[in-house]
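Here the structure is a predicted model, which means the values were calculated and not measured.
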Amino acid sequence: MSILHPYQRRWVSDASRFKIGMFARQTGKTFSSTLEIVLDCLAAEERGARARWVILSRGERQALEAMREGVDRHVRAIGAVCEAHSTAFSPTITAHDVIFPGGSRITALPANPDTARGFSANVFLDEFAFHQDSAEIWRALFPVVSRNGLKLRVVSTPNGQGNAFHRLMTDAELGSVWSRHVVDIHEAVADGLPRDVEQLRAGLGDDDAWRQEFELEFLDEATAWLPYALISECEDGEAGEPPHYQNAPAFIGMDIAARGDLTVLWVLEALGDVYWTRERRILRRAPFGDQLAELDDLMRRYRVVRVAMDQTGMGEAVVEQAQRAYGASRVHGVLFSAAAKLDMATRLKRLMEARRVRLPADDRALRADLHSVKREAGPTGIPRLVADREHGSHADRFWALALALAAAGDGGVTDYSLARGAGQRAAHHLDDAAPTLTAAGWGTVAGASKAYGL
């Protein structure tokens, strides 16, 4: 059984009704929070009462993980100690629920506004800054926990500014109501967490990600084309999984590279007016023949309506070969002029703001890549888009997704097709419409607290 570090003990021992914690990544915030919940249930049972807790996580996988890696571990550890001391302790454990012998219960679910309204219980919001519709969830949830003295726990790492977690952590007027805990990687290590800070920072190799996820800065998103909060709003646990393909029309974006950057092929499936990521292929330093072989495999696996490919420079020959194989009506080359890039990026952003794009969840490289594109003022006042080259990528995932959405525009991608190398872009924008195809003493709070060094 793990002994808690001092910052974890401070968090678990804080009995404030409203409590919020901002912790660096992988510092045990969910482990600590679920321990407090288990201890609260044990305390209620000792009093002859029942405690009801609901854990709301950003998705199904995260909810199950909170149960498996948090609640489950604590309950089973306490049960093992009880057995060693010949004390009965037999809670019922399922994937989403733990029911204690006296009727106390812990349930873990993916968060949404309807779920937030559906329970009168103590609530733990896990990684709240990353929840979809966090503002709506908050508006639905707080009136429920405001009555009957129910407790509310909120824990997360930062995810940019402007979301509900950022407001709870920074609003001065809320400071008298909320007990706030902040533990960055440096404090956690000073409190005994075994981590090599410099090695972690060098291994991550991304200054923005380090400042946000380990040093807990709410990054200024003023220049980011896609803020972290917007990216997380579009993430879904079922996106990026080929078995979920429903045989609906598919569209492919292909960003081509020969040397340092990535070649990325992105498959979208149009379900109603929502574009679901179904598959991504990422190649590094692959010969053009291998890149075309990957495209051919995707063309056979999906009902591909159109493909949009980066035809700039070295992409010219690749596009021509693809057009010969699949037809010029299905394969469109895109000249990456500044205007074309701005139009494609604008369509991508608008569709994400309308929640019409579904992205794979928990892909840190993808989030960093999508966030890497920045907006700068051009010499004529028209914005231009720039991205640093990091981790062998030059926003290649971003542009593959933008190309796939361009392919899904009702023919609008042809606005960017090269007219026999003329290099002139048609003077109109992509159509934003959706495609028509579319133990004695150990089973008690005191005994369990002792086991964790509290």
Side-chain angles (χ1 to χ4, degrees), residues 1-17 19 21 23 27-57 60-110 115 118-127 145 148-155 181 192 439-454:
M1 187 177 294
S2 300
I3 300 300
L4 301 181
H5 298 296
Y7 66 88
Q8 293 175 299
R9 291 201 296 271
R10 289 192 293 271
W11 172 258
V12 174
S13 302
D14 183 352
S16 302
R17 183 180 176 193
K19 184 168 68 173
F23 295 85
T27 53
K29 53 187 176 295
T30 302
F31 182 87
S32 306
S33 300
T34 52
L35 174 60
E36 182 193 5
I37 292 171
V38 170
L39 295 178
D40 189 71
C41 290
L42 290 174
E45 304 238 323
E46 284 187 281
R47 300 192 306 267
R50 296 179 179 179
R52 183 77 172 95
W53 279 90
V54 173
I55 301 171
L56 296 180
S57 298
E60 177 75 9
R61 187 190 65 77
Q62 292 85 358
L64 294 174
E65 185 174 333
M67 291 297 291
R68 183 177 62 251
E69 300 299 324
V71 176
D72 237 12
R73 289 178 62 184
H74 302 313
V75 170
R76 293 184 187 278
I78 292 166
V81 177
C82 289
E83 183 178 351
H85 289 75
S86 302
T87 298
F89 181 69
S90 54
T92 301
I93 302 175
T94 66
H96 287 277
D97 283 282
V98 169
I99 304 175
F100 289 76
S104 296
R105 183 171 184 173
I106 304 170
T107 303
L109 296 168
T115 303
F119 290 92
S120 181
N122 302 295
V123 175
F124 168 36
L125 292 170
D126 192 16
E127 288 289 12
V145 300
N148 301 326
L150 295 171
K151 300 174 184 176
L152 181 56
R153 304 292 182 250
V154 181
V155 164
H181 293 241
W442 288 96
T444 66
V445 64
S449 298
K450 182 179 178 182
Y452 283 91
L454 291 171

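Judged purely by atom type and a 3.5 angstrom limit, Tyr7 uses its side chain to pair as donor or acceptor with the backbone of Thr27. Looking only at distances, a side-chain donor or acceptor of Lys19 sits under 3.5 Å from a matching main-chain atom of Asp14.
Side chains of Gln62 and Ser57: no donor on one and acceptor on the other come within 3.5 Å. Side-chain polar atoms of Glu36 and His74 form no donor-acceptor pair below 3.5 angstrom. A donor-acceptor contact closer than 3.5 angstrom links the side chains of Arg52 and Thr107.
Evaluation of the salt bridge (charged side-chain N to carboxylate O under 4.0 Å, His left out) rule for Arg105 yields Asp97 as partners, not counting sequence neighbours. Glu45 is linked by a salt bridge (charged side-chain N to carboxylate O under 4.0 Å, His left out) to nothing, counting only residues two or more places apart in sequence or in another chain.
Under the 4.5 Å side-chain criterion, counting only non-hydrogen atoms from C-beta, Lys151 is in contact with Asp40. A heavy-atom distance below 4.5 Å is found between the side chains of Ile106 and Ile55. Residues Val123 and Arg153 form no side-chain contact, since every pair of their non-hydrogen atoms from C-beta on lies 4.5 Å or further apart. The side-chain heavy atoms of Gln8 and Leu35, taken from C-beta on, include no pair separated by under 4.5 Å. Between Phe89 and Leu42, some side-chain heavy-atom pair lies under the 4.5 Å cut-off.
Summarising the geometry, atom CD1 belonging to Ile93 is positioned 13.5 Å from atom CZ belonging to Arg68; distances are rounded to the nearest 0.5 Å. In this structure, CD in Glu46 is found 11.0 Å from OG in Ser104, a value given to the nearest 0.5 Å. Distance check: Glu65 CD to Glu60 CD gives 12.0 Å after rounding to the nearest 0.5 Å. Atom CG of Leu4 sits about 6.5 Å away from atom CZ of Phe31, to the nearest 0.5 Å. Thr34 OG1 to Asp72 CG: the interatomic distance, rounded to the nearest 0.5 Å, is 10.0 Å.
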(request) Applying side chain to side chain contact (heavy atoms under 4.5 Å, CB included), run through Val38 and Val71 and close with a yes or a no. (result) CA-CA 7 Å; Val38 170; Val71 176; 4.2 Å; yes
(request) Begin with the C-alpha distance, continue with both residues' side-chain angles, and end with the deciding distance and a verdict on side chain to side chain contact (heavy atoms under 4.5 Å, CB included) for Leu109 and Leu56. (result) CA-CA 5 Å; Leu109 296 168; Leu56 296 180; 4.3 Å; yes
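The heavy-atom pair separating Ala108 from Ala63 by the smallest distance is CB-O, 3.5 Å. In terms of heavy-atom proximity, Ser33 sits nearest to Val155 at OG-CG2, 3.6 Å. Minimum heavy-atom separation, Ala95 to Leu64: O-CD2, 3.6 Å. In terms of heavy atoms, Pro91 sits closest to Val75 at CG-CG1, 3.3 Å.
At most 12 heavy atoms of other shown residues, nucleotides or ligands fall within 6.0 angstrom of atom CZ in Arg50.
A perpendicular orientation is assigned to the rings of Trp11 and His181, their planes being inclined by more than 60° (bins at 30° and 60°).
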